[in-house]
Amino acid sequence: MAASNKYEVLESHALEKGLIKPNRKVFVVKPEDVKKIFKELIEKFGYEGFYLSTVVGTDLPSEGKIRLDYYIVLLPEEETIVLRTYVPRENPIVDSIVDIVPGALSGECETHDLLGVVFKGNPFLKRGFFVPIDIAQRGVYPLRKDSGV
């Protein structure tokens with residue numbers, strides 16, 4: 001695949017582009033576009049052409065947002081890129097991709113349990129999966145900076 005065309009799907013949806021260490025490309029997109037982008041990546045690269053390494057959530061209380069980073073490894077080069085989106089902290093909802101990218105399961109479940117992000121359409125989300133049940137029962141999300149945990 002030509003290098004000039006490799007990022008076409010991501011660039012067509014990007015609100016912003018940037019770099020994070022170590023020289024890793026980041027594409028910032030709208031949360032409502034995440035699932036569509038993964039569908040387009042599957043169409044472009046096939047299931048063998050990339051994989052989702054992890055999903056990372058970061059609480060940004062001063063901005064009223066939670067940042068979601070989807071680390072995607074493009075094959076065969078093994079180049080890691082980041083698909084980034086932001087959801088509102090007060091109502092953190094984004095469509096799940098677990099039905100089309102099963103490898104998203106642990107990242108979505110962990111981000112839900114630790115930060116309270118709802119991955120709409122993921123039937124496996126539950127509290128107490130990664131955090132102790134007593135913390136989950138109190139409605140506390142440990143990775144929220146104001147959680148007090």
Side-chain angles (χ1 to χ4, degrees), residues 1-127 129-131 136 140-147 149:
M1 178 159 306
S4 62
N5 211 15
K6 183 172 26 173
Y7 310 111
E8 178 181 36
V9 168
L10 297 157
E11 288 176 342
S12 70
H13 294 279
L15 302 171
E16 295 175 42
K17 294 184 281 184
L19 290 174
I20 59 174
K21 292 181 182 180
N23 203 22
R24 187 166 286 159
K25 289 178 177 25
V26 179
F27 300 88
V28 180
V29 301
K30 293 186 243 178
E32 58 268 24
D33 288 346
V34 169
K35 188 166 192 161
K36 179 181 181 181
I37 292 166
F38 274 96
K39 286 179 179 177
E40 290 177 17
L41 287 171
I42 292 166
E43 287 173 20
K44 183 172 184 72
F45 295 104
Y47 283 104
E48 312 79 28
F50 77 96
Y51 69 89
L52 178 66
S53 172
T54 191
V55 179
V56 176
T58 305
D59 189 24
L60 304 169
S62 64
E63 298 176 35
K65 300 175 185 176
I66 294 175
R67 183 178 70 211
L68 298 174
D69 288 335
Y70 296 80
Y71 285 78
I72 302 164
V73 179
L74 300 178
L75 300 171
E77 301 91 353
E78 297 188 17
E79 176 187 4
T80 302
I81 57 171
V82 179
L83 178 66
R84 175 174 285 173
T85 197
Y86 297 89
V87 292
R89 202 169 182 268
E90 294 307 312
N91 190 24
I93 299 173
V94 66
D95 286 330
S96 172
I97 60 168
V98 77
D99 59 322
I100 58 172
V101 182
L105 179 63
S106 63
E108 288 187 4
C109 288
E110 181 177 20
T111 305
H112 171 71
D113 204 15
L114 296 173
L115 281 165
V117 176
V118 174
F119 292 88
K120 191 171 60 181
N122 182 334
F124 305 103
L125 296 182
K126 67 177 186 171
R127 293 301 319 274
F129 191 78
F130 286 90
V131 302
V140 173
Y141 296 99
L143 290 186
R144 288 206 177 199
K145 294 187 166 68
D146 56 0
S147 72
V149 177

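By convention here, the first residue in the shown sequence is residue 1.
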_Val101/Tyr47 under side-chain contact (heavy atoms from CB on, under 4.5 Å): CA gap, chis, key distance, verdict_ = CA-CA 9 Å; Val101 182; Tyr47 283 104; 5.5 Å; no

*Stepwise side-chain contact (heavy atoms from CB on, under 4.5 Å) test for Leu75 and Phe45*: CA-CA 9 Å; Leu75 300 171; Phe45 295 104; over 6 Å; no

*asked:* Please determine whether side-chain contact (heavy atoms from CB on, under 4.5 Å) holds for the pair Lys25 and Lys17, giving the CA-CA distance in whole Å, both sets of side-chain angles, and the decisive distance to 0.1 Å.
replied: CA-CA 7 Å; Lys25 289 178 177 25; Lys17 294 184 281 184; over 6 Å; no

*asked:* For a side-chain contact (heavy atoms from CB on, under 4.5 Å) check, start with the C-alpha distance between Ile37 and Phe27, then their side-chain angles and the critical distance, and finish with the verdict.
replied: CA-CA 11 Å; Ile37 292 166; Phe27 300 88; over 6 Å; no

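The backbone N or O of Asp59 sits less than 3.5 Å from a side-chain atom of Lys145, completing a donor-acceptor pair. At least one donor-acceptor pair under 3.5 Å links the side chain of Asp113 to the backbone N or O of Val131. Judged purely by atom type and a 3.5 angstrom limit, Thr111 has no side-chain atom pairing as donor or acceptor with the backbone of Glu108. Of the possible polar contacts, one joining the Arg144 side chain to the Leu115 backbone as a donor-acceptor pair under 3.5 Å is found. Formation of a donor-acceptor pair under 3.5 Å by the Asn122 side chain with backbone atoms of Ser96 is not found in this model. Checking side-chain atoms of Arg67 against main-chain N and O of Tyr86 turns up no donor-acceptor pair under 3.5 Å.
Using a 4.5 Å heavy-atom threshold, the side chains of Leu125 and Cys109 count as touching. Within the 4.5 Å cutoff, the side chain of Ile81 has heavy atoms near those of the Tyr7 side chain. Between Val26 and Glu16, every side-chain heavy-atom pair lies at or beyond the 4.5 Å cut-off.
His112 and Tyr141 have perpendicular rings, their planes meeting at more than 60° on a 0 to 90° scale where under 30° would count as parallel.
Taking CG from Asp33 and CG from Leu10, the interatomic distance works out to 11.5 Å, rounded to the nearest 0.5 Å. Summarising the geometry, atom CG belonging to Leu105 is positioned 11.0 Å from atom CD belonging to Glu110; distances are rounded to the nearest 0.5 Å. Note that the OG1 atom of Thr58 and the CG atom of Asp69 stand 6.0 Å from one another [nearest 0.5 Å]. Separation of atoms CD (Glu32) and NE2 (His13) is listed at 11.5 Å; rounding is to 0.5 Å. In this structure, the separation between CG on Leu74 and CD on Glu79 is 5.5 Å, given to the nearest 0.5 Å. One distance of note links CD of Glu77 with CZ of Phe50; it measures 14.0 Å at 0.5 Å rounding.
Looking at Ile97, Val56, Val29 one by one, the single match for side-chain contact (heavy atoms from CB on, under 4.5 Å) with Tyr70 turns out to be Ile97.
Val73 and Ser53 make their closest contact through CG2-CB, 4.1 Å (heavy atoms, listed as atom of the first residue, atom of the second, distance). The two atoms that bring Pro31 and Val87 nearest to each other are CB-CG1, 4.0 Å, heavy atoms only. In this structure, Leu52 and Phe38 approach most closely via the heavy-atom pair CD1-CZ, 4.1 Å.
Within a 6.0 Å sphere centred on CZ of Phe130, heavy atoms belonging to other residues, nucleotides or ligands number more than 12.
A salt bridge between Arg89 and Asp146 is present, with a side-chain N of the basic residue lying under 4.0 Å from a carboxylate O of the acidic one. A salt bridge is absent between Asp95 and Lys36; no separation between the charged side-chain nitrogens and carboxylate oxygens falls under 4.0 Å.
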